[in-house]
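Beneath this line is the structure, given in structure tokens, with notes to follow.
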Amino acid sequence: MTLALYDTMARAKRPFEPRDPGRVTMYVCGPTVYNYAHIGNFRPVVVFDLLYRVLRRLYGEDAVVYAANVTDVDDKINKKAADEGVPIREITDRYLSAYNADAAALGALPPNHQPRVTETMDAIVGMIARLVDNNAAYAAEGHVLFATEAFADYGRLSGKPLDDLIAGARVDVAPYKKDPRDFVLWKPSKPGEPEWESPWGPGRPGWHIECSAMIEQVLGLPIDIHGGGVDLIFPHHENELAQGVCAGHSREYARFWLHNGFLNMAQEKMSKSLGNVALAHDLLETWPGEALRWALLAGHYRQQLEWADPLIEQAKSALDRLYRVLDDVDRFLSGEPEAEGRPSRAARQAHEAVLAALQDDLNTPEAFAALFQLADQVRAAITARDVAAAEGGRDLLLDAGALMGFLGADPQSWFQGGADDGLKARVEALLEARQAARAAKNWPEADRIRSELTALNVEVMDGPAGATWRIRE
Ligand code: AMP
Ligand code: ZN
């Protein structure tokens, strides 16, 4: 089974082959950091994190280099800093750490590189200079523009016909553009805005060149996989490609272009400008990060996905089912002599089916179905009191879960996560009192405490290692 990925350029699913299996490279366009990010912004984070994990499994952990950038030069950032009367860097640092904390809570591994525009300025200026040298860019009125005419394939990635490109670009066309499709590589800053030195006067870069230069600096061009949301295909990725090729790289730029569909809310793309947003930061107050991650992966990544409470509730109960099995198998095994794990054949097949589904263009709905089949096998082993199969099956379930970024919590604490700190403290106190009553052979008191716990919706399980508890389903 080989990895197959849907490539936007080919408009088809193709077998994935990296240029160098010893160094597989992936770049994903990241956020502009001026506010808390909404859960839609985290769809690409979670989707490409999953791909990163699959690549690491297939090629080895050290063989995959993943970079996801941060845009820290932008009008919205400037405005936020001015509104608050603080330096720009304070805004970008604040929201970058919030973003990284949210991403970690959603189970995303940190990328190998997280380049920032402000730390890539020399590379950006250098790349623009190369484009000018190659007659693919020209300076005009303090700006530098990309000369679209220099790239015969312009429009190929987005599949937009030339007329559409011109018609689209004609809206509000600047007088210094030679061709309406030309786009800004460098522009003068407005008074009070941050600026950097360049051969064309002080100013700041255009959006598209930032990504091309960051890729060149941290990964080297061409790369194997370039990702982002569908909204970035045009103009952002189309322009990145044009610049990258004209700056002296092979036609390839990126071997595979991958794009995730939108996360919608109220049937429309979740976006700050429409106001239909749910912030990851807020959702994480109510839900475990794994449940939000599951919800984001509940549909295939190229389809649109509607964000609503039932989606998260279903995700949470799917995880409850899996954690219930893990909790039960732990308890079963703790009362049995140790044995070498030997998963059943059906468990091994279900485990393989998880990876196979992911290798088929990240088919997460199928991967989830296979995870449940695997959990059923573990359950069957407990029922049959087959220690070796239970142990082996549990290890496979944990491994398949980890491959997808799930089941990392201790099963006990997963269920206790439903309890707030006050309830937890109360339950612990009641359990202690019950233990004392039992030690004193005061059975009526022990029973009374047990019913009190039941009334709190707490289930107590007496095991060889003492009593444990969980919130009932
Ligand atoms: P932005 O901060 O809007 O540039 O977006 C950062 C990343 O999130 C880009 O890859 C976007 O394509 C992606 N994105 C933004 N909004 C959504 C959404 N509602 N659904 C899915 N992806 C999104
Ligand atoms: Zn980008």
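Both counts, for ligands and for their atoms, begin at 1 and track the order of listing.
F146 is not listed as a side-chain neighbour of V184, based on a closest heavy-atom distance of 4.5 Å or more.
Ligand 1 has no nitrogen or oxygen under 3.5 angstrom from a nitrogen or oxygen of G228. Of the polar atoms of N41, at least one N or O is found under 3.5 Å from an N or O of ligand 1, judged by distance alone.
No side-chain N or O of H237 forms a donor-acceptor pair with one of H208 less than 3.5 Å apart. Using a 3.5 Å distance cut-off with no hydrogens or angles, the side chains of H351 and D399 do pair a donor with an acceptor. Using a 3.5 Å distance cut-off with no hydrogens or angles, the side chains of Y323 and E290 do pair a donor with an acceptor.
Nearest protein heavy-atom contact of atom 13 (C) of ligand 1 is P44 CG, 3.7 Å. The single protein non-hydrogen atom nearest to atom 23 (C) of ligand 1 is G40 O, 3.4 Å, given as residue, atom name and distance. Nearest protein heavy-atom neighbour of atom 10 (O) of ligand 1: G229 N, 3.2 Å. Ranking the protein heavy atoms by distance from atom 20 (N) of ligand 1 puts L263 N, 2.8 Å first. For atom 12 (O) of ligand 1, the closest non-hydrogen atom on the protein side is D231 OD1, 2.5 Å. Scanning the protein for heavy atoms near atom 4 (O) of ligand 1, the closest one is G30 O, 4.3 Å.
Contacts between L232 and ligand 1 below 4.0 angstrom, taking non-hydrogen atoms only, involve the side chain exclusively. With a heavy-atom cut-off of 4.0 Å, N264 does not touch ligand 1 at all.
Separation of atoms OH (Y34) and NZ (K76) is listed at 4.5 Å; rounding is to 0.5 Å.
Close approach to G261 involves these atoms of ligand 1, each under 4.0 Å from a residue heavy atom: 21 (C). Close approach to C29 involves these atoms of ligand 1, each under 4.0 Å from a residue heavy atom: 10 (O). Against a heavy-atom cut-off of under 4.0 Å, N260 is close to the following atoms of ligand 1: 21 (C), 22 (N).
The shell of residues lying under 4.0 angstrom from ligand 1, judged by heavy atoms, excludes M265.
Here W207 and F183 keep their ring centres 6.0 angstrom or further from each other.
Here K79 pairs with D83 in a salt bridge; the nearest charged N to carboxylate O distance falls below 4.0 Å. With respect to the salt-bridge test (charged N to carboxylate O, under 4.0 angstrom), the residues R116 and D72 qualify.
Of all heavy-atom pairs between R53 and G107, the closest is NH2-O, 2.6 Å.
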